[in-house]
Number of protein chains: 2
Amino acid sequence: MSRSNTTSSPRARGVDRVISLCEQLHLHRQPMTPKELIEATGAPRSSVYELVSLLSEAGWLETTSDGRIFFGRAMHYFGLDYADHNDLLRRARPVMRQLSARFDETTQLCMLDGDKYTVMLNENGARPFRISSEVGVKVPIPWTASGRVLLGGMSREAMLGLIPEEDFVLPSGERIDIEGFIADIESTRRRGYAMTEGLVDSFACCMAVPVYEGAGPARATLCFTVGRDADETRRETLLAALREASCSLSSGE
Amino acid sequence: MSRSNTTSSPRARGVDRVISLCEQLHLHRQPMTPKELIEATGAPRSSVYELVSLLSEAGWLETTSDGRIFFGRAMHYFGLDYADHNDLLRRARPVMRQLSARFDETTQLCMLDGDKYTVMLNENGARPFRISSEVGVKVPIPWTASGRVLLGGMSREAMLGLIPEEDFVLPSGERIDIEGFIADIESTRRRGYAMTEGLVDSFACCMAVPVYEGAGPARATLCFTVGRDADETRRETLLAALREASCSLSSGE
DNA sequence: GACAACGGTCTGATATACCGGACAACAACA
DNA sequence: TGTTGTTGTCCGGTATATCAGACCGTTGTC
């Protein structure tokens, strides 16, 4: 439906081709055949073949045994360079591990990426539920508890200017009331945390607290994703732990 | 001395410029100023500026507050995609965490990358010693314990063909005797592990065991890096743990 | 066996990306 | 104040990267 791929003109710059190629791989989160890549990017066949071979030589991409293409070692190296260099991520990792270990729940560090919400770090509980994390997957802000925290303190105009109209429609087709959403954000800000149930997925309960960096809006959120069956006291416990952890991560600047 | 950067001809392909640009960033492991990037890559000024801005827009690079350039979020996403998708890495991570937690030592998963040795995963002990990991940094094979394990089972010719002549010279300037090295590998193979002391760095003791995937040479090694002051029984304990862990990671195929 | 779909390589023409170099803003310094 | 170095933007010519399409081997289907 939505042509997410850059409907690029013919004779595009190689670098742009490379970028859209990698973006497609990230979207699919699975190795892709050359054919799929060609169709997904809209790039000419010969260009895709050439670029893939260039990138493979550099270790940016790898070809699996069945001829599919996916990210290679180099990306792993570069990604770790980024994560190691990023202050917040580096400090958050051990904290999140401890949270996950202690409560055996999935802990996430979430941030805004442009006008979308995204998971930056994911730490699973012991039970290895999901095989691949969803780090870097962009989700409309109104769909999430964290989104409500991250918008805290923003002006009404800035908020509406930021969020695309269509992002207020849930996967179910239901539309989120804008006024209610704004009120939600305000009460979230006062309360200091957000908790949503069955917003995107009907079995999950999401709780998020802000992580600050200096004054201004929250830099990130720390959150638990738990089953809806968790009872009240359990939720209290988890929230308290989140608050404490986020406090240790926040910096007054 | 060694011109590691691709002394590329003028009017090079943009994609190649991008590749060498990122490689330089990875080598430096620190944000770089435009000037440094220009000098390191040998690319024209205008090209670097243009490419950096293209890549920044895509989130591949980011500019720090002081105008330096480093990897961006996108790399983090792609890198995690790679690591999540890679069977060995995914399985190794929890195992390594447990090892590090139990013994409070640095655990690493190492592999060959071309004709070099490199760390693929690094799990620090509790004491946060080194601020940035060395994942993806290429090191001559003969400098390491893991290298000796990884070469196990290779023919003499293949080995000598693989390793560049200059890689037998240690950072200290000392030259590693080739015959001794080959004998070392053979005894390592028989023994089932390698242990080196003060090879690259005089304070460390490195112990490595192979991780197999099907028949043939080891796919990777699992290793501890400990202080040389660790006594005999401690070393035995650690080795036993490594062996057990590597066994759980290896697959008969 | 004929036909179609697919997977990959190769080549030549041409649109354009890349680069040299000009330009401006700013700082350091004598 | 003039000189020198650095940081960044912009522009036009031309070397060349990109792309259309031909080509070939393989696979599957009727």
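In what follows, chains are A, B, ... by sequence order, proteins preceding strands, each numbered from 1.
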Of A:Thr33 and A:Val15, whose nearest nucleotide on DNA chain C comes first from the 5' end? A:Thr33

What is the distance, rounded to the nearest whole Å, between atom CZ of B:Arg68 and atom C1' of D:dT6? 14 Å

side-chain hydrogen bond (donor to acceptor under 3.5 Å, both in side chains) contacts in which one or both residues fall within residues 51-64 of chain B, not counting sequence neighbours: B:Thr64-B:Asp66

Can you tell me if A:Lys35 touches the phosphate of C:dG7, counting only side-chain N or O atoms and a distance under 4.0 Å to OP1 or OP2? no

Check: protein-nucleotides 20-23 of chain D nitrogen or oxygen pairs below 3.5 Å:
from, atom 1, to, atom 2, distance (Å)
D:dA20, N7, A:Ser46, OG, 3.3
D:dA20, N6, A:Ser46, OG, 3.2

Tell me every residue that passes side chain to side chain donor-acceptor pair (under 3.5 Å) with A:Glu166, counting only those two or more places apart in sequence or in another chain. none

So what is the end-to-end bend of the helix from C:dG1-D:dC30 to C:dA30-D:dT1, with 5 pairs used at each end and the value given to 10 degrees? 30°

Nearest-Å distance for atom pair CD1/P, residues B:Ile38 and D:dT9: 11 Å

Would you kindly give the CG-to-C1' distance between B:Asp66 and D:dG8, to the nearest whole Å? 16 Å

Going by heavy atoms in the side chains, are A:Val209 and A:Val149 under 4.5 Å from each other? no

Rounded to whole Å, please give me the gap between CD in B:Glu36 and P in D:dG8. 12 Å

Please give, in whole Å, the distance from D:dA17 C1' to B:Arg13 CZ? 6 Å

Hits for ring-ring contact (aromatic ring centres under 6.0 Å, His included) against B:Tyr49, two or more places apart or cross-chain, chain-then-number order -> none

In this structure, how many angstroms lie between the C1' atom of C:dG20 and the CZ atom of B:Arg17, rounded? 13 Å

Considering only residues two or more places apart or on different chains, which pairs with a residue in residues 152-164 of chain B satisfy side-chain hydrogen bond (donor to acceptor under 3.5 Å, both in side chains)? B:Arg156-B:Glu179

With sequence neighbours left out, what residues match B:Thr107 under side chain to side chain donor-acceptor pair (under 3.5 Å)? B:Ser100

Show me the pairs that pass salt bridge (Lys or Arg N to Asp or Glu O under 4.0 Å) and involve residues 145-155 of chain B, at least two apart or across chains. B:Arg148-B:Asp184

Protein-nucleotide distance (B:Tyr49, atom OH; C:dA25, atom P), rounded to Å: 16 Å

Using the test side chain to side chain donor-acceptor pair (under 3.5 Å), find all partners of B:Ser46 that sit at least two apart in sequence or belong to another chain. none

For C:dC18, does either OP1 or OP2 sit under 4.0 Å from a side-chain N or O belonging to B:Ser47? no

To the nearest angstrom, how far is A:Asp16 atom CG from C:dT16 atom C1'? 13 Å

Can you label the angle between the B:Tyr82 ring and the A:His76 ring as parallel, tilted or perpendicular, going by 30° and 60°? tilted

